[in-house]
Amino acid sequence: MTNPSLYEEEALLRRVHDMNDDNDESLNTTTSLLGDKNEHYGSLTDGSVWNSDIDFDHDAEIEKLISEGRPAWNPEEEDVIRRKLDYRVMIWACTMFFSLQLVRNNIQNAISADFLIDANIPQNTYNLGQTLFLLFFLLCEIPSQTFVRRFGAEIWLPILMTLWAIVSMFQIFVKESSFFLFTRAIIGACEGGFVPGLTFYLSSFYKANELSMRYSWIWATQSGTNVIGALLASGFIQMGGPLRGWQWLFLLEGALTTVIGLSSFFVMPSLRRKVVSRVFTARETAILKARVIQDDPSKRSQQERVKLGSSSLLKSVTAVIETLTDRFLFPIFILGFVAFVPSQTANYYLTITLRQLGFTEIVTNLLTIPYAIINISMTIGFSRLSDKFGVKWVFCLLSAIWVFTPQLLLEIIPDGSSRWLRFALITLILGYPYYHPILISWISSNANNPDRRSLAFAVYNISVQCGNILAANVYRESDAPYYHRGNGILIGLNVLSMVIILAIRQYYVIENRLKERLWGQLDDEEKDEYVKVSKGLGNRQLFFKLKV
């Protein structure tokens with residue numbers, strides 16, 4: 001065996017020891033790299049024939065130890081695996097999300113370079129373009145999840161990325177409204193399903209109490225992309241030659257995202273393979289899977305391929321209906337619709353507002369950087385605290401209160417106030433702790449079913465994008481430049497978000513008490529029978545406690 005790993009050497013020594021009935025002290029359990037030999041190699045019998053760590057069935061061994069109530073791995077091993085996951089999975093997931101955000105937001109940077117003027121596009125047509133983008137985005141959300149479950153996120157997501165990158169480059173040919181609307185619709189269709197597909201993919205690798213912070217890295221990337229995008233835009237729009245600045249922007253950023261999309265085919269790890277990647281050993285791969293399943297048994301079948309066909313189509317339709325009517329997840333869907341409208345409206349109109357306030361195009365792009373830096377630190381900080389304390393609603397409520405205060409001040413300050421004061425208030429609104437990652441983690445924790453989890457991500461994202469459609473139309477041209485009517489609507493939605501958060505918290509507490517009371521009324525035999533027959537109930541199972 002060439003260059004065997006430490007695990008392979010250890011197991012081989014044990015095999016030789018068992019065959020020769022040798023009691024050599026060098027094989028004593030106190031010298032084991034992995035601890036007690038029975039603890040780690042209990043099913044390695046004399047009849048085993050294998051040549052490497054990959055040949056040994058670590059999945060079966062670990063499952064056997066767990067079923068016997070014995071530790072299957074030590075905390076140090078799990079820490080190593082978690083660090084490798086962050087390095088191998090999360091960094092590239094953030095890179096992929098960077099690709100999404102770069103293409104999604106370059107239209108706003110192009111506006112600062114007089115794209116609307118050069119292409120003869122009125123502001124209301126721009127609003128329509130954003131609406132079409134979101135509409136086609138929504139139409140592809142749920143169908144895309146079917147392909148994620150069939151082919152795997154490691155195949156389907158790179159396809160989507162490559163498609164939207166290519167279409168993005170074709171925006172250099174936009175010269176009138178109809179072609180602008182066409183490209184926005186196609187890009188929206190290509191980007192549809194990416195976010196729920198990526199969040200579902202990550203939920204396969206991490207436990208529930210690790211997800212909020214990891215998801216926050218994804219959406220912190222959104223703010224980081226705004227910084228990088230602003231810097232790239234500042235350079236691209238100054239380029240001369242045969243193209244306008246906004247054309248260079250679309251062309252070069254589209255080319256960059258094309259490279260990322262194609263690379264993802266080769267970089268994304270997959271739990272469908274016996275060994276996830278060269279970074280993980282076979283044993284680490286088995287632990288990686290087992291620790292997630294032990295944390296949430298519903299994830300056992302999450303990586304299975306779902307066949308396409310008439311029966312699967314009927315099953316998918318039924319699953320969608322059940323997800324839409326899930327009484328424990330539906331309140332979060334409603335919250336997703338209203339929660340981010342105030343901040344998203346400010347984001348959509350940031351560059352337009354700054355130009356209306358008299359800032360130059362270069363300064364406008366640079367002024368989008370401060371809020372992104374604040375947002376990154378606060379989003380990660382709040383998500384980490386949410387994971388640490390195991391609480392969702394508190395940090396959602398605090399985030400909503402954060403947005404409410406500067407939004408109210410923006411409405412009540414005099415129209416003639418300093419443009420820097422308005423910029424500061426808008427920066428505070430956009431720099432808030434984005435609690436989108438916490439809500440996604442909340443859904444993942446309370447789904448208790450892989451199909452429900454996948455579709456719930458899509459439905460939730462649809463609700464958020466519906467809110468974004470509303471956000472794209474709150475500020476109207478007739479209300480410019482201070483948008484008093486629009487700000488009043490946003491303040492009302494913010495208050496509604498806080499009410500919904502408190503209502504969800506109280507609802508879950510009451511339901512958990514009811515479940516606990518009903519579960520306590522069953523004797524041991526009834527409980528065993530209930531566990532067997534209640535697998536299809538998901539989060540309605542009496543012994544399943546909703547995360548608050």
Side-chain angles (χ1 to χ4, degrees), residues 97 100-101 103-105 130-145 148 160 187-200 202-203 211-212 215-216 218-223 225-226 320 323-324 326 329-348 375 379 382-383 386 392-393 395-397 399-400 403 429-430 432-447 452-474 489-490 493-494 496-498 500-501 504:
F97 199 80
L100 174 78
Q101 286 301 122
V103 170
R104 183 180 294 182
N105 291 342
Q130 293 300 89
T131 302
L132 283 175
F133 170 88
L134 293 171
L135 178 62
F136 278 81
F137 193 105
L138 298 178
L139 290 174
C140 293
E141 287 275 19
I142 292 177
S144 182
Q145 296 319 295
V148 168
L160 294 179
I187 292 176
C190 292
E191 293 187 354
F194 176 81
V195 172
L198 184 63
T199 52
F200 179 75
L202 293 175
S203 71
L211 279 173
S212 290
Y215 286 149
S216 76
I218 295 293
W219 275 274
T221 301
Q222 176 175 312
S223 296
T225 304
N226 292 338
V320 170
T323 302
L324 288 170
D326 189 313
L329 300 181
F330 189 76
I332 302 180
F333 300 155
I334 297 298
L335 178 59
F337 172 69
V338 300
F340 310 112
V341 174
S343 58
Q344 191 60 38
T345 300
N347 182 53
Y348 278 150
N375 179 268
T379 297
F382 268 50
S383 298
S386 176
K392 310 296 183 183
W393 73 273
F395 298 99
C396 294
L397 182 63
S399 298
V403 176
I429 292 172
L430 293 174
Y432 80 117
Y434 188 38
Y435 57 103
H436 187 55
I438 298 178
L439 292 185
I440 292 178
S441 175
W442 210 354
I443 288 173
S444 181
S445 299
N446 287 337
R452 186 71 53 85
R453 182 176 293 109
S454 173
L455 291 171
F457 286 150
V459 173
Y460 167 75
N461 203 50
I462 287 173
S463 68
V464 172
Q465 297 306 326
C466 286
N468 289 345
I469 291 176
L470 175 59
N473 292 277
V474 171
I489 295 173
L490 298 179
L493 290 174
N494 215 324
L496 179 59
S497 297
M498 291 185 273
I500 294 175
I501 293 168
I504 292 175

Verify, without hydrogens or angle tests, whether Tyr215 (side chain) and Thr199 (backbone) share a donor-acceptor contact under 3.5 angstrom. yes

Can you tell me if Ser445 uses its side chain to pair, donor with acceptor, with the backbone of Ser441 under 3.5 Å? yes

Report the distance from atom [atom1] of [X] to atom [atom2] of [Y], rounding to the nearest 0.5 Å.
X: Asn461; Y: Asn468; atom1: CG; atom2: CG; answer: 8.5 Å
X: Asn105; Y: Thr225; atom1: CG; atom2: OG1; answer: 7.5 Å
X: Asn473; Y: Thr345; atom1: CG; atom2: OG1; answer: 9.0 Å
X: Lys392; Y: Ser383; atom1: NZ; atom2: OG; answer: 8.5 Å
X: Leu430; Y: Tyr432; atom1: CG; atom2: OH; answer: 8.5 Å
X: Phe200; Y: Ser444; atom1: CZ; atom2: OG; answer: 9.5 Å

List for me each residue that meets salt bridge (Lys or Arg N to Asp or Glu O under 4.0 Å) alongside Arg452, sequence neighbours excluded, and say none if there are none. Glu322, Asp326

Glu191: partners by salt bridge (Lys or Arg N to Asp or Glu O under 4.0 Å), with sequence neighbours left out: Arg104

Using the side chain to side chain contact (heavy atoms under 4.5 Å, CB included) rule, pick out the option among Val341, Leu132, Leu138 that qualifies with Ile469. Leu138

Does the side chain of [Y] come within less than 4.5 Å of [X]'s, by heavy atoms?
X: Pro342; Y: Ile429; value: no
X: Ile443; Y: Phe333; value: yes
X: Phe382; Y: Ser212; value: no

Could you check whether the rings of Phe340 and Tyr435 sit parallel, tilted or perpendicular, using 30° and 60° as the cut-offs? tilted

Ring-plane angle category for Phe133 and Phe137, please: parallel below 30°, perpendicular beyond 60°, tilted otherwise. tilted

Considering all heavy atoms of both residues, which atom of [X] and which atom of [Y] are nearest to each other, and what is their separation?
X: Leu329; Y: Ala456; answer: CD1-CB, 3.8 Å
X: Ala400; Y: Ile501; answer: CB-CD1, 4.4 Å
X: Ile438; Y: Cys396; answer: CG2-SG, 3.9 Å
X: Ile142; Y: Ala458; answer: CG1-CB, 4.2 Å
X: Gly193; Y: Gln145; answer: O-NE2, 3.0 Å
X: Leu335; Y: Ser497; answer: CD1-O, 3.8 Å

Could you walk me through whether Ile218 and Val195 pass the side chain to side chain contact (heavy atoms under 4.5 Å, CB included) check? CA-CA 10 Å; Ile218 295 293; Val195 172; over 6 Å; no

Stepwise side chain to side chain contact (heavy atoms under 4.5 Å, CB included) check, Ser463 with Ile334: CA-CA 7 Å; Ser463 68; Ile334 297 298; over 6 Å; no

Intermediate values then yes/no, side chain to side chain contact (heavy atoms under 4.5 Å, CB included), His436 and Tyr460: CA-CA 10 Å; His436 187 55; Tyr460 167 75; 2.7 Å; yes

Please test Val148 against Ser454 for side chain to side chain contact (heavy atoms under 4.5 Å, CB included), starting from the C-alpha separation and ending with a verdict. CA-CA 9 Å; Val148 168; Ser454 173; 5.6 Å; no

